[in-house]
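The structure appears right after this line, and notes come after that.
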Amino acid sequence: MKRSFVFLVVLASLLSCSKDQNDQYGNIVLMFEVTYNGQEIETGQTYTYLDGRALCFEKFKFFMSEVSLMDNSSQVLLSDVAFAEFDRLFIESPGGRLTFNFSNIPTGNYSSMGYNIGIPPEINDEYDPSNFSQIEPLGFTSEYWDAWGSYIFTKIEGNIDSDDDGICDKGFAYHIGGNPSLREISRSINLSIEGGKTAQILVSIDLMNVFSDGTNQVDIVTHSGIHNEGQRTLMDFVMDNLAAAMTVSQL
Amino acid sequence: MTISFRISLICLLAFACQLDKEADPIPELPCSESLENVIFNPQPLEIVVPDGFQKMRIPEDNPTTIEGVNLGRQLFYDPILSRDGTISCSSCHQISGSMTDNRAVSTGIENRKTSRSSMSLLNIGYANKGLFWDGRSPTLEDQVLIPIEDHNEMDESWDNVEGKLRCHPSYPNLFRKAFGIKNTQEITRYLAAKAIAQFMRTLVSSGGSKYDRVERGEAFFTEDESEGFKIFMDAVPDLPDAECGHCHAPPLFTTHDFLNNGIDSAGSFIDFEDKGYGTTSGFSQDNGKFKVPTLRNIFLTAPYMHDGRFKTVEEVLEHYVAGGHVSPNRDPLIIRHDDPTNPRAYMNEEHQRQLIAFLHTLTDSAFIEDPDYADPF
């Protein structure tokens, strides 16, 4: 009898804990989709650049940091640093979405979400891949540029037609980093996190808008490589456009 | 009468069969012996890496121990793994060649030729994107299983290897010490692979190359080496950018990625003769891509590329300066460096000489002389 009572109390406690957890926390799936002029991107496919040249994509990736949800009075940090890499999606699942799952989000209404494109100075100045293991994003030596002493905040690589024959024949590589390249993203949302349920947020990026601010556009054939601090103006142009190109919607 | 005779004959045959069956001894497993009298007390081994290197991730199910590394090292150097006892792992991964065999393609038993050059195992414990030139093995433990049964390499079956190891005079005790097995029958290919993987993870740069010493402030580059480093890393705008450091990023001087570096022409994705990573991934866009090798000890690992087509570093550089061959997935960073009208890319002879001077600073003599990596037999 006594044993049965103890068992029932424990079971009731477990159930109530579980119920409390469900009541107090929900989940978020943060998704990213990348297009070019509204078209899904596939490695090997040819797109038309703003100047009419053939354009092909190989890589697109960026660091996100301080991914957060905000309500009027508080901020919920979802992730310190995350790495969004679309290279394999361009091959294996064109038009697919890159997803990040976050759980144990306090229930409530959130009015905005935000993140940085890049790594904040307090990390970028103090750490390099040697402080991490090879499977952590900040441990990826491919995403760190020794000559700057900085993580590469974003990479966009592909090929463009350089001789007007319609064939993507000249490589371009935009590797942008350094503290001045950090961009803060903040978007208004009206998100309700309900206990035990999963909300979905979609960030859409159209790469065509990364190369143009609506008035000026990058001459990719002339400026085929960006990975030098001397190209700060061009870096800022691309990073400003990338930040502006990210639109957020709730699903 | 005829029927009775037949029945008698059948009974006789059945009885004879029964006699034979009873006469057969109960088969015993060969070399089934208890090992519990051997002390099992493995000592954790910390893999020490040079300053500036990442923390090496060790799989939780295969922690590195002194006993595991010792066993792995013996297996690595023992031709017992091959069918005819002539080829060991070390046949194709020789310490003098920074764990390559310095041949265009490796040679297996009976002088059989493989289709690929042996890759350097230097710092292989950091490889986390797939092993082999085509990335077919996800982990070191998985990779070790392959060459034993490859027809052109060791051409042995793991069943036979397990049998040889179980009956060996010394290996059962070594397996016991490394993994705590209680009986020789518990020796498996998977434990052998774990041991060899443990040894391979210890194959780390010594930190004694000139490059490493300069990084630590213990030495200085010559002027040529310094200029070559700047060209390699695109460190200054008034020198050409050789684009090397993207794929051969320090400190490992590889990113372990799979890329098409323009060594073959192809009109479409399906036109590559050796499809490389595409065979592994199953996506045609990956055809013609191969694993980026480390440039550490590059002057010890000739010849170069997955098929050893380039005999010297100078030949490799000539290939890259020319911009490589055209194909639909040639990496965007493989661009011409022979156009004098494009000073940010143009690599004249002096620049090439300086770049090569820098690459010499990546030679790590202490690694190839380390007695911990040498043949234990």
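Keep in mind that what you see is a predicted model, and the values were worked out from it rather than measured. Below, read A as the first sequence line, B as the second, and so on, with proteins coming before strands; counting in each chain starts at 1.
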Partner set under side chain to side chain donor-acceptor pair (under 3.5 Å) for B:D271, not counting sequence neighbours: B:S268

Minimum heavy-atom distance between [X] and [Y], given as atom pair plus value:
{"X": "B:M233", "Y": "A:A147", "value": "O-CB, 3.8 Å"}
{"X": "A:S130", "Y": "B:G52", "value": "CB-O, 3.2 Å"}
{"X": "B:P328", "Y": "A:E58", "value": "O-OE2, 4.0 Å"}
{"X": "A:G44", "Y": "B:F269", "value": "CA-CZ, 3.6 Å"}

With a sphere of 6.0 Å drawn around [atom1] of [X], does it hold more than 12 non-hydrogen atoms of other residues, nucleotides or ligands?
{"X": "A:F83", "atom1": "CZ", "result": "yes"}
{"X": "A:E122", "atom1": "CD", "result": "yes"}
{"X": "B:E218", "atom1": "CD", "result": "yes"}
{"X": "A:L50", "atom1": "CG", "result": "yes"}

Side-chain heavy atoms of B:S281 within contact of A:R88, under 4.5 Å: yes

Residues in residues 285-294 of chain B that sit under 4.5 Å from chain A, counting heavy atoms only: B:Q285, B:D286, B:K289

Toward chain B: residues of residues 200-217 of chain A with heavy atoms under 4.5 Å: none

Within residues 165-178 of chain A, residues adjacent to chain B where the heavy-atom gap is under 4.5 Å: A:D169, A:G171, A:F172, A:A173, A:H175

Donor-acceptor side-chain pairing of A:H227 and B:E243 below 3.5 angstrom: yes

Contact class of B:R336 relative to chain A, heavy atoms under 4.5 angstrom: neither

Part of B:D241 within contact of chain A (heavy atom distance under 4.5 Å): side chain

Point-to-point distance, once rounded to the nearest 0.5 Å, from [atom1] of [X] to [atom2] of [Y]:
{"X": "A:S224", "Y": "B:I335", "atom1": "OG", "atom2": "CD1", "value": "5.5 Å"}
{"X": "A:C56", "Y": "B:N329", "atom1": "SG", "atom2": "CG", "value": "11.0 Å"}
{"X": "A:D146", "Y": "B:F229", "atom1": "CG", "atom2": "CZ", "value": "6.0 Å"}
{"X": "B:N123", "Y": "A:Q134", "atom1": "CG", "atom2": "CD", "value": "10.5 Å"}
{"X": "B:D234", "Y": "A:W145", "atom1": "CG", "atom2": "CH2", "value": "6.0 Å"}
{"X": "B:K129", "Y": "A:S142", "atom1": "NZ", "atom2": "OG", "value": "4.5 Å"}

B:K55 (side chain) donor-acceptor with A:N131 (main chain) under 3.5 angstrom: yes

Chain B contacts, top residue of A:G158, A:G225, A:G230 (heavy-atom pairs, under 4.5 Å): A:G158

Verdict with reasoning, A:E157 to B:D331, per side-chain contact (heavy atoms from CB on, under 4.5 Å): CA-CA 9 Å; A:E157 292 183 20; B:D331 195 88; 4.0 Å; yes

Steps toward side-chain contact (heavy atoms from CB on, under 4.5 Å) verdict (A:T43, B:F283): CA-CA 10 Å; A:T43 299; B:F283 291 96; over 6 Å; no

Side chain to side chain contact (heavy atoms under 4.5 Å, CB included), paired with B:Q54, selected from A:I135, A:T141, A:D128: A:T141

